[in-house]
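A quick write-up on the structure given underneath.
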2 protein chains.
Amino acid sequence: MPRTYEYPRPALTVDAVVFGLDGGELKVLLIERGLEPFKGQWALPGGFVQEGETLDRAVSRELAEEAGVQGVFMEQLYTFGAVDRDPRERVVSVAYYALVNLADHTTRASTDAVDARWFPAATPPPLAFDHADILQMALDRLRGKVRWQPVGFELLPEKFTLTQLQQLYESVLGTSLDKRNFRKKVLGFDFLVPLDETRRDGPHRPAQLFRFDHGRYTSLQRKGFHFEL
Amino acid sequence: MPRTYEYPRPALTVDAVVFGLDGGELKVLLIERGLEPFKGQWALPGGFVQEGETLDRAVSRELAEEAGVQGVFMEQLYTFGAVDRDPRERVVSVAYYALVNLADHTTRASTDAVDARWFPAATPPPLAFDHADILQMALDRLRGKVRWQPVGFELLPEKFTLTQLQQLYESVLGTSLDKRNFRKKVLGFDFLVPLDETRRDGPHRPAQLFRFDHGRYTSLQRKGFHFEL
DNA sequence: ATAATTAGTGTTTTTTTTACACTTTGTCAA
DNA sequence: TTGACAAAGTGTAAAAAAAACACTAATTAT
């Protein structure tokens, strides 16, 4: 294709902040860099946008390639354009964040000969480039969003207990919530459907399992309902 | 500078959705295109990111050049990367939105030999490229943001009446608000300082003027206060 | 059987939000 | 000068939402 516009063209990359929930703790998926610059340091998964590829597709591809992560919730976060973010030349990066059910992805994390590992999102190792800024912004965004949109469920397995759900909110928001008030509110949501199943897990009373019904949620939403937690 | 990375390089632009408030109505600033493609159609102000220029700076520059708009509130919105957004070649655009006090900018809007005009944000003319999508997203973002962060004040003159403030919220949110409840809440905010001045404006009782104290707001915010309307 | 551990459950108080109508202060015109 | 007009300004009561709070139930391991 001819270069119609004669202007400087910064390289364009995408980076992804992939969050997972391990027990009560929020984690991020990081990749060990095999090449300079920042060789040996940890970084967010990401890479160059290819010819004819939308930004969303670029992120999906990179996540599949570098981390074996596929078909997960993903949303654009922010575009980072500081002139010296990459020590070699100008690289503008469109950052995304993704929420995955860690149980499904923990084993497949390592692919592509690179080392990929989960780290505590709040206390990551030193990161390459401006990835610490990106991570911080993703954390802020997640915290801001989780209360107004039911995205948190993306971090849980399909079937989950109310205690798991509460722990999720507690760890993302960094607060502690009252169990009774939490359950009262959450059980008022029609899109949380109780299953005829329980989770036996240690020497104590088994917990009822629930499922998040996406379809019902969107239909309620169209009727003017709006989620808040 | 050597091209260290050998990858396709889409052209990179910035676009800005500039909102202003005219009477009770929310407006957008549009520019008539002088060149193909979409010659003669209305479009968002914007242009190419220059060598060594951050994204924020690029938007500021374009706004100053194309619309005489300077020193206003501005925030990154989203990055649009559809492959065919520009009919000629791939162009990725980082969109921003800005809030201006329309009274200060209405006259200077036309500069640079291009025609720049304010249009109702809710019912704009047909727009070039995917600018209608960008505008829609900016509207959604503004609506979402205005209740949690005191950004609305950016749309008002420095001194304003509570009725103006209420109208601002009514037109951005598209609802009507109860006067007494609105004033009760708003007057509880320490960062709204009443002036020893009134605004006489037609055959009726003059209204007291107020000012938004940015400094006080940020200091309150640090003490854990959080704005909500 | 009992000790240990997490699941599960309601009520009261406090706070926040909503609904609602008249008086005040100025201008303009008769 | 006075009366009509128009927007500014003001408080209370009812309803809804949020917060505080502690015990019983079900299971497993010893």
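All chains are named by letter (A, B, ...) in the order of the sequence lines, taking the proteins before the strands, and each is independently numbered beginning at 1.
To the nearest 0.5 Å, atoms CG (B:Leu165) and CZ (B:Phe212) are separated by 10.0 Å. Taking CG of B:Leu192 as the start and CZ of B:Arg216 as the end, the distance is 11.0 Å to the nearest 0.5 Å.
Aromatic pair B:Phe225/B:Phe227: ring centres not closer than 6.0 Å. Between B:Phe73 and B:Phe153, the distance from one ring center to the other does not fall under 6.0 angstrom.
Under the 30°/60° scheme for interplanar angles, the aromatic rings of B:Phe191 and B:Phe189 are found to lie parallel.
The stretch residues 195-212 of chain B comes close to DNA chain C through B:Gly202, B:Pro203, B:His204, B:Arg205, B:Pro206, each having a heavy atom under 4.0 Å from the strand.
Here B:Arg180 does not reach the OP1 or OP2 of D:dG9: none of its side-chain N or O atoms lies under 4.0 Å away.
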Are there any protein N/O atoms within less than 3.5 Å of an N/O atom in nucleotides 16-19 of chain D, and if so, which ones and at what distance?
residue, atom, partner, partner atom, Å
D:dA19, N6, A:Lys184, NZ, 3.2

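For the pair A:Trp42 and A:Arg117, the minimum side-chain heavy-atom distance is below 4.5 Å. For the pair B:Arg85 and B:Val92, the minimum side-chain heavy-atom distance is 4.5 Å or more.
Under a 3.5 Å cut-off, the side chain of A:Ser171 and the backbone N or O of A:Gly24 do form a donor-acceptor pair.
Counting only N and O atoms by type, the side chains of A:Glu75 and A:Tyr97 include a donor and acceptor under 3.5 Å apart. Using modelled atom types, one finds no donor on one side chain facing an acceptor on the other under 3.5 Å when comparing B:Tyr217 with B:Asp190.
In secondary-structure terms, DNA chain C builds stems of at least 3 consecutive Watson-Crick or G-U pairs, each pair having both distances under 3.5 Å, at C:1-30 with D:1-30.
Summarising the geometry, the separation between CG on B:Leu187 and P on D:dA8 is reported as 14 Å, rounded to the nearest angstrom. As a whole-Å value, the separation of B:Leu229 CG from C:dT16 C1' is 14 Å. If you take CG of A:Asp178 and C1' of C:dT13, they are 14 Å apart, rounded to a whole angstrom. What separates CZ of B:Phe182 from P of C:dA19 is a distance of 16 Å, to the nearest Å. We find that NZ of A:Lys179 is positioned 17 Å from C1' of C:dT11, with the value rounded to whole Å.
The two residues A:Gln41 and A:Pro126 come nearest to each other via the heavy atoms OE1-O, 3.5 Å.
As judged by a 4.0 angstrom heavy-atom cut-off over every strand, B:Thr163 is placed among residues touching the sugar-phosphate backbone only.
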